[in-house]
Q: 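Before I ask anything, let me first share the structure, which is written out below as structure tokens.
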Amino acid sequence: MTTTRFCLVRHGETDWNVERRLQGHTDIDLNKRGLAQAEQMANALKRIDLEFDVLYTSDLQRAAKTAQAIERLFKASAIVSAALRERHLGVLQGITTADAPKVAPDLWKSHLSRNIMEDLQGGESIQQFANRIQAALEQIRIEHLGKTILLVSHGGALDMMYRIASNQALDAEKAVTVPNASLNWISHDGVGWKVDDWADTSHLEDLALDNLDL
């Protein structure tokens with residue numbers, strides 16, 4: 001059997017992460033700590049002498065700029081894909097988790113319940129998001145069978161990849177953290193997915209924030 005390995009990286013910290021403001025497709029830049037985290041992550045990959053065959057990144061700048069740290073250190077060029085974006089959170093985008101229950105109480109309640117058909121008024125439902133991420137992951141796997149793929153994306157997207165790899169239900173409560181600039185490993189042996197390692201932040205100098213964009 002041919003095993004295809006993925007090293008999944010969440011982007012570095014943004015000001016909206018600190019403010020607990022829902023980002024979704026909003027194109028927020030890394031903050032100073034996020035840029036430092038990206039460098040620490042890339043250096044950690046260099047220290048373990050990671051040999052990867054291809055680098056992918058979401059097109060949103062918080063992911064793309066995190067990937068740039070890898071590009072510079074490894075002299076690699078990332079393949080940019082909008083399919084690896086965070087979930088579109090509709091009208092909740094730009095709202096803090098503290099304000100959401102006051103601004104959109106019914107929608108926030110539906111969101112927290114993990115109603116998989118709720119599209120958040122113009123966003124993506126969990127089911128639509130899952131379909132997009134699963135299709136993107138499968139396409140990359142098929143194109144690079146037996147290879148090691150380094151992939152930079154978002155907290156919600158990586159949580160979805162964990163669900164796919166662990167066969168976790170879409171409406172189940174979140175089971176893992178996805179810290180900024182963390183390293184997460186999944187693989188496919190030609191038969192099915194499995195999670196190999198998750199939420200490694202040992203390379204970061206400070207604590208990293210968990211994801212909000214479910």
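Because only heavy atoms are used, hydrogens play no part in the values below, and waters and symmetry mates are left out as well, while side chains stay in. No experiment lies behind these values; they were computed from the predicted model shown.
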Q: If you take all heavy atoms of Gly192 and Asp189, which pair is closest and at what distance?
A: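 So the two residues come closest at N-OD1, 3.0 Å.
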
Q: Just checking, is any N or O donor in the side chain of Glu13 or Asn31 under 3.5 Å from an acceptor N or O on the other one?
A: yes

Q: Quick check: does any side chain N or O of Glu71 sit under 3.5 Å from a backbone N or O of Ala78, one acting as donor and the other as acceptor?
A: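 Answer holds: yes.
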
Q: Hydrophobic clustering (ILVMFWY, side-chain heavy atoms < 4.5 Å, transitive) - are Met161 and Phe129 grouped together?
A: yes

Q: Rounded to the nearest 0.5 Å, what's the gap from CG on Leu84 to CZ on Arg132? Could you check?
A: 8.0 Å

Q: Search all heavy atoms of Ser58 against all heavy atoms of Ala63 and return the closest pair with its distance.
A: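 In terms of heavy atoms, the two residues are closest at CB-CB, 3.7 Å.
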
Q: Are Tyr56 and Val80 connected into the same hydrophobic cluster when the rule is that any two of I, L, V, M, F, W, Y join if their side-chain heavy atoms are below 4.5 Å apart?
A: no

Q: Is it the case that the side chain of Asp53 and the backbone of Thr148 share a donor-acceptor pair, with hydrogens and angles ignored and the cut-off at 3.5 Å?
A: yes

Q: Is Lys147 positioned over the aromatic face of Phe52, cation under 6.0 angstrom from the ring centre and no more than 45 degrees off axis?
A: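 Cation-pi check for Lys147 and Phe52: fails.
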
Q: Is there a donor-acceptor contact under 3.5 Å from the side chain of Gln168 to the main chain of Glu173?
A: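 Present.
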
Q: The test is side-chain contact (heavy atoms from CB on, under 4.5 Å); show your working for His88 and Gln128 and say whether it passes.
A: CA-CA 10 Å; His88 194 304; Gln128 290 170 327; over 6 Å; no

Q: Checking side-chain polar atoms at under 3.5 Å, does Asn17 have a donor or acceptor matched by the opposite partner on Asn180?
A: yes

Q: Do the side chains of Leu45 and Phe74 get nearer than 4.5 Å, heavy atoms only?
A: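 With C-beta onward as the side chain, the pair touches.
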
Q: I would like to know whether Arg5 and Ile149 meet side-chain contact (heavy atoms from CB on, under 4.5 Å); could you show each step before the answer?
A: CA-CA 6 Å; Arg5 301 175 72 220; Ile149 297 116; over 6 Å; no

Q: If hydrophobic clusters are built from ILVMFWY residues whose side chains come within less than 4.5 Å, do Leu50 and Met41 share one?
A: yes

Q: Is the shortest side-chain heavy-atom distance between Ile186 and Leu137 below 4.5 Å?
A: yes

Q: Just wondering, do Ile79 and Ile140 contact through their side chains at under 4.5 Å, heavy atoms?
A: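 Side-chain contact under 4.5 Å: no.
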
Q: Say whether Met160 and Leu158 are linked into one hydrophobic cluster, either directly or through other cluster members, by side-chain heavy-atom distances under 4.5 angstrom.
A: yes

Q: Would the distance check show the side chain of His154 and the main-chain N or O of Gly156 forming a donor-acceptor pair, the cut-off being under 3.5 Å?
A: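 No: the side chain of His154 does not pair with the backbone of Gly156.
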
Q: Distance from Ser202 atom OG to Gln40 atom CD, nearest 0.5 Å?
A: 11.0 Å

Q: With a 3.5 Å distance limit and no angle check, can you tell me whether Arg21 reaches the backbone of Gly94 through a side-chain donor-acceptor pair?
A: yes

Q: Taking the side chain as every heavy atom from C-beta outward, state whether Glu39 and Arg72 have any pair of such atoms under 4.5 Å apart.
A: yes

Q: What are the two closest heavy atoms between Val178 and Arg10, and how far apart are they?
A: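 Looks like O-NH1, 2.9 Å.
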
Q: Between NE2 of His11 and CD1 of Ile28, what distance do you get to the nearest 0.5 Å?
A: 10.0 Å

Q: Should the pair Asp106-Lys109 be classified as a salt bridge under the 4.0 Å nitrogen-to-oxygen rule?
A: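 Salt bridge absent between Asp106 and Lys109.
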
Q: Specify the closest pair of heavy atoms between Leu55 and Ala67, including all atoms of both residues, with the distance to one decimal.
A: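 What the structure gives for the nearest pair is CD2-O, 4.2 Å.
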
Q: Examine Leu8 and Ile164 and state if one hydrophobic cluster contains both, with Ile, Leu, Val, Met, Phe, Trp and Tyr joined whenever side-chain heavy atoms are less than 4.5 Å apart.
A: yes

Q: Between Arg33 and Asp206, is there a salt bridge with N-O shorter than 4.0 Å?
A: yes

Q: Could you go through Arg20 and Thr97, starting from their C-alpha distance and side-chain angles, then the distance that decides it, and tell me whether this counts as side chain to side chain donor-acceptor pair (under 3.5 Å)?
A: CA-CA 6 Å; Arg20 297 183 62 82; Thr97 56; 3.3 Å; yes

Q: Would Phe6 and His144 count as a ring pair (Phe, Tyr, Trp, His ring centres under 6.0 Å) here? Give the steps.
A: CA-CA 10 Å; Phe6 284 77; His144 306 285; 8.7 Å; no

Q: Does Trp198 have its ring centroid less than 6.0 Å away from the ring centroid of Tyr162?
A: yes

Q: Distance only, no hydrogens: is a donor on one side chain within 3.5 Å (strictly under) of an acceptor on the other, for Ser125 and Glu118?
A: no

Q: Could you grab the distance from atom CG of Leu89 to atom CG of Leu120, nearest 0.5 Å is fine?
A: 6.0 Å

Q: Tell me whether the count of non-hydrogen atoms from other residues, nucleotides or ligands lying under 6.0 Å of CD in Glu143 goes above 12.
A: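 Count over threshold, so yes.
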
Q: Which heavy-atom pair separates Leu73 from Ala42 by the least distance, and what is that distance?
A: CD2-O, 3.3 Å

Q: Got a second to check how far Lys174's NZ is from Arg163's CZ, nearest 0.5 Å?
A: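 If we round to the nearest 0.5 Å, Lys174:NZ and Arg163:CZ are 9.0 Å apart.
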
Q: How close do Thr66 and Gly12 get, heavy atom to heavy atom, and via which atoms?
A: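 Minimum heavy-atom separation between Thr66 and Gly12: OG1-N, 3.0 Å.
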
Q: Mind running side-chain contact (heavy atoms from CB on, under 4.5 Å) on Ser182 and Asp200 for me, showing each step along the way?
A: CA-CA 5 Å; Ser182 59; Asp200 178 8; 5.9 Å; no

Q: State, without any angle test, whether Asp196 and Ser187 hold a side-chain donor-acceptor pair at a distance under 3.5 Å.
A: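 Yes.
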
Q: Check whether any side-chain heavy atom of Leu107 lies under 4.5 Å from a side-chain heavy atom of Pro105, and answer yes or no.
A: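 They are not in contact (no side-chain heavy atoms under 4.5 Å apart), so the answer is no.
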
Q: Is there a side-chain contact between Trp16 and Thr26, using heavy atoms and a 4.5 Å cut-off?
A: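 Side-chain contact under 4.5 Å: yes.
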
Q: Take atom NZ of Lys46 as the centre, draw a 6.0 Å sphere, and report whether it contains more than 12 heavy atoms from other residues, nucleotides or ligands.
A: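 Atom NZ in Lys46 is crowded, with more than 12 foreign heavy atoms closer than 6.0 Å.
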
Q: Any non-hydrogen side-chain atom of Ile70 less than 4.5 Å from a side-chain atom of Val152?
A: yes

Q: Contact between Asp197 and Asn184 at the side-chain level, heavy atoms closer than 4.5 Å - yes or no?
A: no

Q: Is it true that Thr14 and Gln23 share a donor-acceptor pair across their side chains at a distance under 3.5 Å?
A: yes

Q: In Å, rounded to the nearest 0.5 Å, how long is the span from CZ of Arg87 to CG of Leu22?
A: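 Nearest 0.5 Å value for the CZ-CG distance: 10.0 Å.
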
